[in-house]
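Everything below concerns the one structure shown next.
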Amino acid sequence: MDFSKELNPQQYAAVIHTEGPLVVFAGAGTGKTRVITCRIAYLIREKKVPPSRILAITFTNKAAGEMRERVADMAGPSAVASRPVPGYGGGAWISTFHSFCARVLKMDAASFGVREDFVIYDEDDQRRAVKDILKELRLAEDKTYRPRAFAEKINRLKDSLIDAESYALNSLNSTDVHRRIFSEIYSLYAKKLELSAALDFGDLILKVVERFRGDAGILEKYQKRFDYVLVDEYQDTNPAQYYLTKYLSAGHSNVCVVGDDDQSIYSWRGADRKNISSFRSDHPSAKVVKLEQNYRSTPQILSAAVSVISNNLDRHPKSLWTRLPDGEDVVRRECDSDLEEAQAVASEIRRLSDVEGVPTDRIAVLYRMNSQSRLLEDALLAEAVPYRLVGSVKFYERQEVKNLISYLKIIQNYDDEVSLKRIINVPHRGIGTVTLDKIVAHARAHNLTLFQTMRISDAFGGLSGKTASRVREFADKIIRWRDDAIKFSPSALAKKVAEESGYLAELEKENTPESLNRAANVKELVSALAEYEELSENPSLSGWLDDIALSSDADFAEGAKNGAVLTTVHLAKGLEFDAVFVVGMEESVFPMASAFRDSSEMEEERRLCYVAFTRARRRLYVSGSHYKVIYGKPTRLSPSRFVAEAIGAASCRAGSFDKSFDGAERHSVSAVATAAGGGRDPDIRPSSVGEWRAGSRVRHKTFGEGVVTAVAAVDEDIKLTVRFNDGKLRKFYARYASFEAIP
């Protein structure tokens, strides 16, 4: 390709600036992935840089895979490395931060002080490890001692390069009881991982950065390994990722970072968007390029998004524009209830699919919190609209799948205590909780691992002869399977374990729809391993386990080919759809209530709204309701301030989603703006008690005609139950209902 002709001037400037630091501020939909991949191809083709001297890092495996494909198309298959090996030539390293560090640690384990056969603990493994520690400390799980919260705090500390030893030293003289308790939990957690030869996600980067800081020789080795470093989504880097980038590029300063401070939405997990805005402070000679031409969204969508984000004060100014032709107006709707909102969304998706031919897999419904999906799912099912819920339990996190993976992990690494505890009695083999507690107690008392203790179970007291025999037999099976791992492919080994362990037979014997579905998932896991073997140059059990552990929800988000995508805005980042519905646009929902107390949180909520709007290519719908049922209680809500800000763009109109419904009530822009500021549309007034009687016939603007079946006074309002002609019962608050009485 001719880069000067295929790229716009700003993109081309970013591609050809190869020497010295470069920061690219890439607005939504401006082609940042294209710039990164073209830059890599340009270095290889035009500058004759050996591909193995290039390191490109992004945040999801899916994004890394897409980059590898694009670079291979432009510079040839040999330009990218599927599994890079330091010192042996090969292609460019294109991976996530965690995958890069995991690969370095695996291949250079001795230099970094870790075992080569270490396993990677995911979030579920982490929580189980913390839960075990709470049990050992005899701390009951409650609101104060929550495994998930402790695991999350440990992650944030590691992201800030604070290990357990450092935290303990800083906590020695603390008078805070909870801090001292957490310090003990963190120290025990670190010891548990060390004994299990396990690393969690935070460890992967922490171990590398710590060694770079303390060993100039190791650091120099990797600095010389890469002449060019590129980092995508730099606004989402945390301190550990920031220092990893800094150390790797310090020798030559040929570092290119790409990102958009307006799309920084992960501060809650440690991301610091100041990393991109302060890049020039670290690199005074850095060249700055702004990508402002949007190739994704229509002018109407872009105008609404820009109108929202422009209200943020702490941002790098950008002027997004597009040459795309005008499209549909952004449509905004206020509903009486969240139930009505869900039904209206489902109805419009059905219309888009049936009448306008929009494929459902090119439609997304975005919300602020996962809990908002329930009503949407019910409504889509009622409309027979296929959908896929992104952010629910992933395939590799399902119980039966995790169980078989745990078998494979313990075969790879006998010392993996979390995995061993998970499957020691799966399927049931007579090794219950009491037996396990005795094994753990003996292991702790004699400084042994659980697996070592199991192998000598008949040599220590406390277990009956029959129980000790069961424990020893299970340990012997694991040893035999480890021998089999040398002779069998990963998929064949998984099949062998599923059958010989008795787990698959137990699921099939239960013979319920749920157990048979679980059995099918176990078989699907074997198929997944076989597929991995076909696609991988050097398939191995260790490599596959690492890939699975390093995957994320975002890696599966774009695989929805069978229906509309339902997901949170956070998980939608990086995706795009022909039509996007942003629902729940109410104060205290989007933005969340916590943002009212902190201007920086409010700005992040606004950035989240900007991300939501810019996922849309052709159509954007925004909606909210006058009340929601929260914790069983109807709660009145005002429209989100972000709606009023979007209405500042001429591209936004209010009304029904269904344009063919001529009788839809249309609110003027001024009325909507007033409502968004906390007021009410003057045309909607509370109804007096006398107007409503059971048996009265009414007409609703969305649901048609129906009969009032019940009337009740609730919190100075009137709650109506109406049975509509479709046979469904729906509940409304009279204050917000848009009913017309039928004589």
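Values below: every heavy atom of this structure, side chains too, minus hydrogens, waters and symmetry copies.
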Is it true that atom CZ of Arg280 has more than 12 heavy atoms of other residues, nucleotides or ligands lying nearer than 6.0 Å?
no
Could you check whether any side-chain N or O of Gln241 sits under 3.5 Å from a backbone N or O of Asn238, counting only pairs where one atom can act as donor and the other as acceptor?
yes
Minimal heavy-atom distance between Leu608 and Phe590, with the atoms involved, is C-CZ, 3.9 Å
Short question: side chain of Asp272, backbone of Lys274 - any donor-acceptor pair under 3.5 Å?
yes
For Asp260 and Lys32: C-alpha separation, side-chain torsions, deciding distance, then whether salt bridge (charged side-chain N to carboxylate O under 4.0 Å, His left out) applies.
CA-CA 10 Å; Asp260 180 9; Lys32 69 177 178 63; over 6 Å; no
Residues, nucleotides or ligands: over 12 heavy atoms within 6.0 Å of Arg179 CZ
yes
Checking Asn413 side chain against Ser196 main chain: does a donor-acceptor pair fall under 3.5 Å?
yes
Side chain to side chain contact (heavy atoms under 4.5 Å, CB included) between Thr245 and Phe97: does it pass, once the steps are laid out?
CA-CA 9 Å; Thr245 304; Phe97 277 104; 3.7 Å; yes
Inspect the surroundings of NZ in Lys421 and state if more than 12 heavy atoms from other residues, nucleotides or ligands are less than 6.0 Å away.
yes
Please assess Lys402 against Asp125 for the test salt bridge (charged side-chain N to carboxylate O under 4.0 Å, His left out), listing each intermediate value before the final yes or no.
CA-CA 10 Å; Lys402 283 283 289 184; Asp125 297 327; 3.4 Å; yes
Given side chain to side chain contact (heavy atoms under 4.5 Å, CB included), test Leu204 with Leu105 step by step and report yes or no.
CA-CA 8 Å; Leu204 295 174; Leu105 291 170; 4.1 Å; yes
On the 0 to 90° scale, with breaks at 30° and 60°, tag the Phe201-His98 ring pair as parallel, tilted or perpendicular.
tilted
Please check: side-chain N/O of Tyr532 versus main-chain N/O of Ser540, any donor-acceptor pairing under 3.5 Å?
yes
Heavy atoms of Asn403 and Tyr503 approach each other most closely as ND2-OH, 3.0 Å
Does the distance from a Lys or Arg side-chain N to an Asp or Glu carboxylate O, for Asp159 and Arg269, drop under 4.0 Å?
no
Can you confirm whether Leu436 sits close enough to Ile424 that some side-chain heavy atom of one is under 4.5 Å from a side-chain heavy atom of the other?
yes
Does Glu136 form a salt bridge (charged side-chain N to carboxylate O under 4.0 Å, His left out) with Lys192? I'd like the steps, not just the answer.
CA-CA 12 Å; Glu136 291 171 16; Lys192 184 180 287 288; 3.5 Å; yes
Side-chain H-bond candidate by donor/acceptor type, Asn521 with Glu400, under 3.5 Å
yes
Main-chain N/O of Asp416 paired to Ser419 side chain as donor or acceptor, under 3.5 Å
no
Taking side chain as C-beta onward, heavy atoms only, is Ile410 less than 4.5 Å from Ser406?
no
CD1 of Ile154 to CD1 of Ile185, rounded to nearest 0.5 Å, is 7.5 Å
On a heavy-atom basis, the closest approach of Ala494 and Leu404 is O-CD1, 4.1 Å
Relative to each other, are the rings of Phe212 and Tyr222 parallel, tilted or perpendicular (30° and 60° limits)?
tilted
Checking Tyr610 against Gln263: is there a side-chain donor and acceptor pair closer than 3.5 Å?
no
Tyr247 ring centre to Arg213 NZ or CZ under 6.0 Å, with the angle to the axis within 45°?
no
Stepwise salt bridge (charged side-chain N to carboxylate O under 4.0 Å, His left out) test for Glu604 and Arg607
CA-CA 5 Å; Glu604 178 141 336; Arg607 292 193 293 271; 3.1 Å; yes
Is a side-chain donor or acceptor of Arg368 paired with a backbone partner of Met592 at a separation under 3.5 angstrom?
no
When rounded to the nearest 0.5 Å, the distance separating CD1 of Ile54 from CD1 of Ile94 is 8.0 Å
Parallel, tilted or perpendicular: which fits the ring planes of Phe451 and Tyr414, with parallel below 30° and perpendicular above 60°?
parallel
Got a second to check how far Ser640's OG is from Glu586's CD, nearest 0.5 Å?
8.0 Å
Could you give the distance from NE2 (His570) to CE (Met369), rounded to the nearest 0.5 Å?
12.0 Å
Here the gap from Asn254 atom CG to Leu230 atom CG, rounded to the nearest 0.5 Å, amounts to 9.5 Å
Which distance, rounded to the nearest 0.5 Å, do you find between the NZ of Lys131 and the CG of Asp124?
10.0 Å
Side chain to side chain, Ile309 and Arg315, heavy atoms closer than 4.5 Å
yes
Under 6.0 Å from the CD atom of Glu524, do we count more than 12 heavy atoms belonging to anything else shown?
yes
Test log, rule side chain to side chain contact (heavy atoms under 4.5 Å, CB included), inputs Val257 and Asp232:
CA-CA 6 Å; Val257 300; Asp232 187 21; over 6 Å; no
Examine distances only and state if a side-chain atom of Arg138 and a backbone atom of Leu134 form a donor-acceptor pair shorter than 3.5 Å.
no
Does atom CD of Glu194 have more than 12 heavy-atom neighbours from other groups under 6.0 Å away?
no
Say whether, by atom type as modelled, one donor and one acceptor occur between the side chain of Ser264 and the main chain of Asp261 under 3.5 angstrom.
no
Looking at Lys221 and Asp108, does any basic side-chain N land under 4.0 Å from a carboxylate oxygen?
yes
Within a strict 4.5 Å, meaning less than it, do heavy atoms of the Ile439 and Met454 side chains meet?
yes
Measure the shortest side-chain to side-chain distance between Asp203 and Lys158 over non-hydrogen atoms and say whether it is less than 4.5 angstrom.
yes
Tell me if a side-chain donor or acceptor on Ser187 pairs with a main-chain N or O of Glu184 at a distance below 3.5 Å.
no
Is there side-chain contact between His178 and Tyr145, with at least one heavy-atom pair below 4.5 Å?
yes
If only atom types and distance count, is the side chain of Ser174 paired as donor or acceptor with the main-chain N or O of Asp176 below 3.5 Å?
yes
Can you tell whether the side chains of Lys573 and Asp236 come within less than 4.0 Å, N to carboxylate O?
yes
Measure the shortest side-chain to side-chain distance between Leu545 and Val119 over non-hydrogen atoms and say whether it is less than 4.5 angstrom.
no
For a 4.5 angstrom cut-off between non-hydrogen side-chain atoms, does His283 reach Phe279?
yes
Please confirm whether the ring centroid of Tyr167 lies under 6.0 Å from the ring centroid of Phe182.
yes
Could Asp132 and Lys135 be called an ion pair, given the rule that one side-chain N must be under 4.0 Å from one carboxylate O?
no
Verdict with reasoning, Phe25 to His316, per side chain to side chain contact (heavy atoms under 4.5 Å, CB included):
CA-CA 8 Å; Phe25 287 96; His316 194 88; 3.7 Å; yes
